[in-house]
There are 2 protein chains.
Amino acid sequence: MMEKDKLCLDHIRPVTDALAVLSGKWRVPILVALCEGDKRFNELQRDIKHITPRMLSRELLELEQHALITHETHPVSTLRTYRISSYGHSLEPVLVALKLWGDGHRTRFIGKS
Amino acid sequence: MMEKDKLCLDHIRPVTDALAVLSGKWRVPILVALCEGDKRFNELQRDIKHITPRMLSRELLELEQHALITHETHPVSTLRTYRISSYGHSLEPVLVALKLWGDGHRTRFIGKS
DNA sequence: CTGTATCCGTGCAGATACTG
DNA sequence: CAGTATCTGCACGGATACAG
């Protein structure tokens, strides 16, 4: 089981797979917003600054196709509630690793906003 | 420290910072190729399938501006040698986390190439 | 060998308006 | 409230040719 953590050729595809899931301007903000708890469409639109309904709709669909989030539709009304799936929570170690490195990177390049 | 590894709002910026550094089609392939050892421009172009000299040049510059790689110019000839910096190696935990999750993701979505 | 210059197609994403 | 439709600009990245 991984005797070496060094980079090698067979790392490329899984890494780019993971990056593809997280890439785009709104994926991480949406996931983080949903980590505060289940939310509805307009709550997400309010909490995520500057996102348009078009992009929010698109990205919610994408995240759901990747099984990272789910939604429930209220039986009577048409209210939908979005939430992170347990599979979505499996991304946490990845996001933590990215955060730790990103913190250091911002520190190293002082002067960046 | 980090008493909790849960996602929260102040994770967004460092995470997207890190993602920005790794995003793009060629960054990871270049880093991985250089992990095999120092290489010259044409070696990289040969080892990284389908990359054009334009993109290789562009991405090498970008990676160097982010301090992830360095280059040395042979004093007499104009031969350049590219190598990963120690700072570049600090990305390894991040790439390992991405690889581990990406492996699982590919397993989960069987049928994907 | 180590790149640059130029041209170009496509997709990502914003703005705005509209609908059930 | 919860989205969709349409239009648009721009950046990403490929192809090809050229240069030091």
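So you know, we letter chains A, B, ... as the sequences are listed, proteins then strands, and number each from 1.
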For the pair B:K99 and B:D103, find out whether any cationic side-chain nitrogen is under 4.0 Å from an anionic carboxylate oxygen.
->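 So B:K99 pairs with B:D103 through a salt bridge.
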
For the pair made of [atom1] in [X] and [atom2] in [N], what is the distance, rounded to whole Å?
X     : N      : atom1 : atom2 : result
B:H71 : C:dC1  : NE2   : P     : 18 Å
A:I30 : D:dG3  : CD1   : P     : 12 Å
B:D47 : C:dT2  : CG    : P     : 13 Å
A:Q45 : C:dA15 : CD    : C1'   : 13 Å
B:R46 : C:dT2  : CZ    : C1'   : 14 Å
A:L44 : D:dG3  : CG    : C1'   : 13 Å
B:E62 : D:dA11 : CD    : P     : 14 Å
A:H50 : C:dT16 : NE2   : C1'   : 17 Å

Please tell me which of A:R54 and A:Y82 maps to the more 5' nucleotide of DNA chain D, matching each residue to the nucleotide holding its nearest heavy atom.
->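 It is A:Y82 whose nearest nucleotide is closer to the 5' end.
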
Reference residue B:I30; test side-chain contact (heavy atoms from CB on, under 4.5 Å); the match among B:I84, B:L68, B:I48 =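 Among the candidates, only B:I48 passes.
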
If you count the non-hydrogen atoms of other residues, nucleotides and ligands that lie under 6.0 Å from NE2 in A:H74, is the total more than 12?
->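 Yes, because the 6.0 Å sphere around NE2 of A:H74 holds more than 12 heavy atoms from other groups.
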
Between [options], which nucleotide gets closest to the side-chain atoms of [X]?
X     : options               : answer
B:T52 : D:dA15, D:dA2, D:dT4  : D:dA15
B:R80 : C:dA17, C:dC1, C:dG3  : C:dG3
B:K25 : D:dC12, D:dA2, D:dG14 : D:dG14
B:R58 : D:dG3, C:dT2, D:dC12  : D:dC12

Can you see which heavy atom on B:R27 is nearest to which on B:S23, and at what distance?
->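 It is CG-O, 3.1 Å.
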
Which part of the nucleic acid does B:L56 contact within heavy-atom distance under 4.0 Å: base, sugar-phosphate only, or nothing?
->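 Nothing, no heavy atom under 4.0 Å.
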
Give a yes or no on whether the ring-centroid distance for A:Y87 and B:H105 is below 6.0 angstrom.
->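 When the ring centroids of A:Y87 and B:H105 are compared, they turn out to be within the sub-6.0 Å range.
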
For B:S57 and for B:N42, find the nucleotide of DNA chain C with the closest heavy atom, then tell me which residue's nucleotide is more 5'.
->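 So the residue in question is B:N42.
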
